[in-house]
A.B. asks: 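One structure coming up, written as C-alpha cells, with questions to follow.
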2 protein chains.
Amino acid sequence: MTADPAARRGIPDATVARLPEYLRALTDLAERGITSVSSEELATAAGVRSAKLRKDLSHLGSYGVRGVGYEVDLLAYEISRELGLTQDWPVAIVGLGNLGHALANYSGFVTRGFRVVALLDHDPDIVGQHIAGVAVRPMDDLERVAEVDGIAIGVIATPAASAQGVCDRLVAAGVRSILNFAPCVLSVPHGVDVRKVDLSMELQILAFHEQRKALAARRTPLREVVR
Amino acid sequence: MTADPAARRGIPDATVARLPEYLRALTDLAERGITSVSSEELATAAGVRSAKLRKDLSHLGSYGVRGVGYEVDLLAYEISRELGLTQDWPVAIVGLGNLGHALANYSGFVTRGFRVVALLDHDPDIVGQHIAGVAVRPMDDLERVAEVDGIAIGVIATPAASAQGVCDRLVAAGVRSILNFAPCVLSVPHGVDVRKVDLSMELQILAFHEQRKALAARRTPLREVVR
DNA sequence: TAGATTGTTAATCGATTAACAATC
DNA sequence: TAGATTGTTAATCGATTAACAATC
C-alpha cells in the first residue's frame with residue numbers, strides 16, 4: 001500500500017512495550033562486562049521466552065549472528081534508537097505532592113534521554129521550592145514553559161479532579177505525549193498519546209489473584225498451607 | 001472437566017486488568033449521585049468500547065437489566081467482591097526512599113481494602129521514622145512482621161540491586177503477592193504473583209510514539225506542525 | 001406494545017509459541 | 001565440517017469487535 005517501507009514498518013504494541021525491558025537487561029549485561037548474548041540468555045534476563053524475544057527483535061531488523069548470538073552493545077544501541085532514546089526528551093512534571101516529588105527525584109527519569117526541565121504546581125507554598133535542582137513554577141507558566149523548553153512529554157501527578165484540566169492545557173500548548181498518574185481517564189484529541197500508571201490498580205489486580213489462591217487452598221488442601 | 005463451576009470460572013487476565021478501572025468509574029458515578037448506568041455510558045467513563053465492557057462483565061455474571069442498564073451500587077459491589085476488595089489486605093512496603101515514602105502516603109493504597117501495616121528499610125537513619133503514621137522498622141524484622149501482621153502483599157521499592165534478596169525473604173516468609181517498583185526482573189517460585197511497575201519504561205514507550213509522530217510530521221508535512 | 005439495552009455469538013484480529021530451515 | 005543459534009513460518013491461542021437475539 002505505502003511505498004515508503006519505513007512508514008509501513010509497524011512494530012506491534014506488545015513488542016514496543018517489551019523493548020525497554022530488553023534494553024534494561026542489555027544494560028545490566030554490559031555493566032557486568034558481557035559483550036555477547038544468546039536469545040535464550042537475554043530472554044531469561046528479561047523474563048520472557050526466547051521465541052518471543054527473537055520474534056520481537058525480528059521487527060527491528062536482523063542484528064544477531066546465527067550460531068553466535070547478539071552483540072550486547074550493538075543490540076542495546078539499536079533498541080535505544082528504535083525507542084527514540086538517542087534523542088533528548090524534555091519532560092515537565094505537573095503536581096508536586098508526594099508522588100510528583102518522588103518522580104522528580106527518580107533516577108530512571110533522568111537517565112536515558114529524559115530531562116526533567118520543568119516542575120509546575122498550583123500550591124503557592126510549593127511554588128519556588130527547588131526539587132532535584134529544579135525550581136517549581138506556578139501553573140500560569142505552563143504555556144510559556146511548554147513553548148520555551150519545548151516540552152515533549154507531560155507527566156501529570158495531580159489529584160484526579162485537576163487532571164483533565166491540566167491535560168487540556170498541556171495539549172493546547174503542543175504536548176502530544178502524556179504520562180498520567182492521576183486515577184482517571186483523560187480524553188485527548190487524535191494524535192495525542194496517553195499512558196496511565198495507576199498504583200492502586202496494580203494492587204487490586206494482585207488482590208484478585210491473592211484471593212483466588214486463598215480460595216483454591218481452602219478448596220483443595222492437598223499441601224500444607226503456609227502459616 | 002472440573003465438576004466445581006467456581007474452579008472452572010477463569011476470568012481472562014485482560015478482563016481482570018480492566019475491572020479496577022470499571023470500579024473507579026462506578027465510584028465516581030456513585031459520588032455524583034448517579035444510580036443507574038448503561039454499558040455505553042460506563043464504557044465511556046472507563047475509556048473502553050461498550051462491547052468490550054459488556055463482554056468483560058459477562059464473565060462475572062449477569063448483573064445488568066436489559067433495556068435499562070446497570071445499577072451502579074450493585075455492580076460496584078460485585079466487582080469489588082470479584083477483585084477481593086471486600087476483604088482486608090495487609091501490605092508491607094520495603095524500601096522507603098522517595099518512592100517508598102510516596103507510596104506509604106498514597107491515598108489509593110489506604111482505600112479499598114488495603115492497609116499499609118508495615119514499613120521496612122535497611123538504612124539506620126530511616127528506621128524509627130514515622131511515615132503516614134507507621135514506624136519504619138529494620139529489615140531484620142521482615143520475617144517477624146510478615147508472620148505477626150499476616151502480610152499478604154509485599155511492595156518492593158528498593159534499588160534494583162537489593163530487590164531479588166528482599167523478594168526471596170518475603171516469599172520465604174509466606175508472602176505470595178509482590179508489587180515490584182525496582183527496575184529488574186524478579187524470579188519467584190510457582191504460586192507467587194509478581195506485578196511490575198517501572199516508571200521509566202512507561203516514559204520510554206511514550207518516547208517511541210513521540211518519535212514516530214515527529215518522523216511522520218517530517219515525512220508528510222500536510223498540516224502545519226505545532227511549533 | 002414499542003423502545004432500549006443487555007448478554008452472547010461468530011468473525012476478525014493480533015499475539016504467542018514451537019519447530020525448523022537458514023546460516024554463521 | 002559439525003555444532004550452535006538466529007530469523008521465519010505456520011499453528012495455536014486469546015482478545016477484540018460488530019451484530020443481534022433475548023428480554024426488560
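Only this structure's heavy atoms are used, side chains among them; waters, hydrogens and symmetry mates stay out. Residue numbers start from 1 in every chain, and the chains themselves are labelled A, B, ... in the order their sequence lines are given, proteins ahead of strands.
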A.B. asks: To the side chain of B:Arg54, which of C:dA15, C:dT6, C:dT17 is closest?
C.D. replies: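 Minimum distance to the B:Arg54 side chain belongs to C:dT6.
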A.B. asks: Mind checking the CD1-CG spacing from B:Ile79 to B:Leu26? Nearest 0.5 Å is all I need.
C.D. replies: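 Taking CD1 in B:Ile79 and CG in B:Leu26, the distance rounds to 5.0 Å.
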A.B. asks: Rounded to the nearest angstrom, tell me the gap between atom CG in B:Leu53 and atom P in C:dT6.
C.D. replies: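 From B:Leu53 CG to C:dT6 P: 8 Å.
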A.B. asks: Which listed nucleotide (D:dT16, D:dT9, D:dT6) is nearest to the side chain of B:Arg18?
C.D. replies: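 So the nucleotide nearest the side chain must be D:dT16.
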A.B. asks: Whole angstroms only, please: what is the CG-P distance between A:Asp13 and C:dA15?
C.D. replies: 7 Å
A.B. asks: Which heavy atom of A:Gln211 sits nearest a heavy atom of B:Glu82, and at what distance?
C.D. replies: NE2-O, 3.0 Å
A.B. asks: Determine whether B:Leu142 and B:Leu170 make a side-chain contact, defined as any pair of heavy atoms from C-beta on separated by less than 4.5 Å.
C.D. replies: yes
A.B. asks: So for B:Arg66 and D:dT23, does any side-chain atom that can act as donor or acceptor lie under 3.5 Å from a complementary atom in the base?
C.D. replies: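 Looking at the base of D:dT23, it does not pair with any donor or acceptor on the side chain of B:Arg66 (distance under 3.5 Å).
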A.B. asks: Find the partner of D:dT5: check Watson-Crick (N1-N3 plus N6-O4 or O6-N4) and G-U wobble (N1-O2, O6-N3) distances, both under 3.5 Å, and reply none if neither fits.
C.D. replies: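 Check on D:dT5: paired to C:dA22, both distances under 3.5 Å.
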A.B. asks: Across all strands, who's sitting opposite D:dT12 as a Watson-Crick or G-U wobble pair, both distances under 3.5 Å?
C.D. replies: C:dA15
A.B. asks: Which nucleotide, C:dG7, C:dT17, D:dA18, lies nearest any side-chain atom of A:Ala51?
C.D. replies: C:dT17
A.B. asks: For the side chain of B:Ser62, starting at C-beta, report the closest nucleotide among D:dG7, C:dG7, C:dT17.
C.D. replies: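 Nucleotide nearest to B:Ser62's side chain: C:dG7.
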A.B. asks: Side chains of B:Ser177 and A:Glu210 only: does a donor on one sit below 3.5 Å from an acceptor on the other?
C.D. replies: yes
A.B. asks: Which listed nucleotide (D:dG7, D:dT17, D:dC24) is nearest to the side chain of B:Val65?
C.D. replies: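 Nearest listed nucleotide: D:dC24.
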A.B. asks: What's the NZ-P distance between B:Lys52 and C:dA11, to the nearest Å?
C.D. replies: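 Rounded to the whole Å, the gap is 21 Å.
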A.B. asks: Separation of A:Glu40 atom CD from C:dA19 atom C1', in whole Å?
C.D. replies: 14 Å
